[in-house]
Amino acid sequence: MQTLRFRIVQVLSILVVVAGVGVLAVRSSHGQSPAAKIESQNPKPETLVKPTILATDRPVMKDAARSPFAEAAAQNTLLRNDLTWTFGSKQQHGWYLYDLLIGQTLNISHDASTNDFASAIAGWQKTKGLSSNGMLDENSWMAMVTQWQSDRLKDKTPATPDQLLMAPSSDFYDPERLPELRQVERNTYAAYRQMLAAAIADPSLKLAHTSANDLAATEKFFKIVSAFRSREYQEKLRHDSPNAGSAGLAVNSPHFTGRALDLYVGGDPVDTKDSNRAIQVQTPAYLWLVRNAARFGFRPYFYEPWHWEYVK
Ligand SMILES: [Zn+2]
């Protein structure tokens with residue numbers, strides 16, 4: 001009996017051990033398969049790891065690596081927002097506000113982060129005798145600013161009364177503007193009216209106007225905010241806003257000539273805050289001026305989207 005009992009115990013314990021090993025074996029095989037199942041059912045974790053990235057991004061990476069401007073394009077992407085430079089004794093951040101002017105200068109419409117943009121910068125740098133690295137860095141950026149500034153009015157001799165005419169109040173952003181503040185140099189006004197007719201004729205701008213090609217009372221875009229300013233009036237403006245700085249209200253203003261027009265292009269009409277200019281440089285009116293004003297003899301002051309000078 002004892003031997004039989006011992007044998008039963010022996011057999012039972014063997015069974016227990018076998019069963020235990022079996023459970024362990026099943027557990028360990030399950031320990032791998034659930035993870036594998038999750039991966040195959042849910043593709044998300046896979047997209048986070050390298051195989052998918054390699055599969056989809058490799059051709060793009062290859063293209064970028066092949067372009068000699070890949071590194072310049074990467075740098076331009078950063079410089080566009082982060083380049084620190086000084087203008088009008090104020091620190092400035094990036095050149096993103098000038099995308100349209102840069103595109104017009106380079107005669108391209110590519111995004112600043114592209115190899116094509118960097119390539120166009122390199123071509124422009126060559127014409128300026130700069131090292132053609134394709135990067136709009138501080139050196140090249142200041143050269144571009146200098147180019148724009150040199151395209152502006154050179155002769156700032158104040159207008160004499162006979163050179164000025166009084167424009168109708170319907171041309172002005174503020175219809176109540178005093179007559180002495182509605183004076184414009186004669187040729188500048190004729191060029192403005194031609195440019196205005198072209199803008200009105202462009203259906204993409206949808207400018208509200210009369211049959212005589214005047215802007216409607218309800219229309220603000222393209223109206224004159226400010227034109228001729230006398231030295232006395234400029235002094236008063238400078239006195240009223242002492243913090244405008246040299247980028248704002250110049251001592252020797254081109255407005256003295258009657259050939260500078262501040263036109264309404266959106267936002268707060270003449271506010272240099274980055275946030276305001278960021279609104280202005282995205283309006284169809286500003287885009288139109290950047291692309292077309294030169295045909296009528298007007299050149300931009302890059303820093304003030306509203307300020308255009310008649311240089312003919
Ligand atoms: Zn101005």
Side-chain angles (χ1 to χ4, degrees), residues 87-90 92 97-98 100-101 145 148-159 163-167 169 171-174 177-178 180-193 195-196 199 215 220-274 276-281 283 285-290 292-294 296-312:
F87 189 74
S89 62
K90 246 179 86 182
Q92 314 285 333
L97 291 170
Y98 315 101
L100 287 180
L101 287 176
V145 166
W148 292 336
Q149 293 289 68
S150 70
D151 287 342
R152 294 178 60 192
L153 262 186
K154 289 181 182 69
D155 183 1
K156 291 193 193 158
T157 310
Q163 292 176 315
L164 300 169
L165 58 72
M166 183 111 48
S169 58
D171 286 328
F172 284 80
Y173 178 78
D174 172 13
R177 199 167 169 85
L178 295 171
E180 65 263 36
L181 296 178
R182 298 202 315 259
Q183 298 180 92
V184 188
E185 190 274 325
R186 291 173 185 280
N187 298 323
T188 305
Y189 184 70
Y192 164 73
R193 290 297 305 196
M195 183 165 75
L196 185 60
L215 290 169
K220 290 193 281 186
F221 286 99
F222 285 90
K223 279 191 173 162
I224 303 170
V225 177
S226 182
F228 170 73
R229 297 204 287 255
S230 67
R231 222 171 256 281
E232 299 71 41
Y233 184 68
Q234 186 81 355
E235 278 308 311
K236 185 189 173 302
L237 289 180
R238 285 173 61 81
H239 180 80
D240 291 349
S241 38
N243 298 322
S246 50
L249 292 162
V251 181
N252 197 13
S253 171
H255 283 278
F256 298 158
T257 67
R259 292 168 167 266
L261 297 180
D262 293 342
L263 303 175
Y264 186 72
V265 293
D268 194 347
V270 292
D271 179 347
T272 52
K273 271 207 261 337
D274 284 7
N276 186 55
R277 294 189 294 144
I279 293 166
Q280 294 176 324
V281 299
T283 61
Y286 183 68
L287 174 66
W288 192 93
L289 284 166
V290 168
N292 296 284
F296 301 93
F298 287 94
R299 294 285 158 77
Y301 170 33
F302 80 103
Y303 197 74
E304 299 180 349
W306 56 84
H307 180 108
W308 295 82
E309 294 173 5
Y310 184 64
V311 297
K312 271 188 181 162

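Order of listing sets the numbers, starting from 1, for every ligand and every atom in it.
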Novice: In His255, the N, O or S atom nearest to the Zn ion (ligand 1) is which?
Specialist: NE2

Novice: Using 30° and 60° as the class boundaries, would you call the ring planes of Tyr98 and Phe302 parallel, tilted or perpendicular?
Specialist: tilted

Novice: Near Lys273 NZ, under 6.0 Å, is it more than 12 heavy atoms from other residues, nucleotides or ligands?
Specialist: no

Novice: Give the name of the N/O/S atom in Asp262 that lies closest to the Zn ion (ligand 1).
Specialist: OD1

Novice: Counting only heavy atoms not in Lys156, do more than 12 sit closer than 6.0 Å to its NZ atom?
Specialist: yes

Novice: Between the side chains of Arg193 and Asp171, is the shortest nitrogen-to-carboxylate-oxygen separation below 4.0 Å, so that they form an ion pair?
Specialist: yes

Novice: Looking only at N, O or S atoms, find the one in His307 nearest to the Zn ion (ligand 1) and name it.
Specialist: ND1

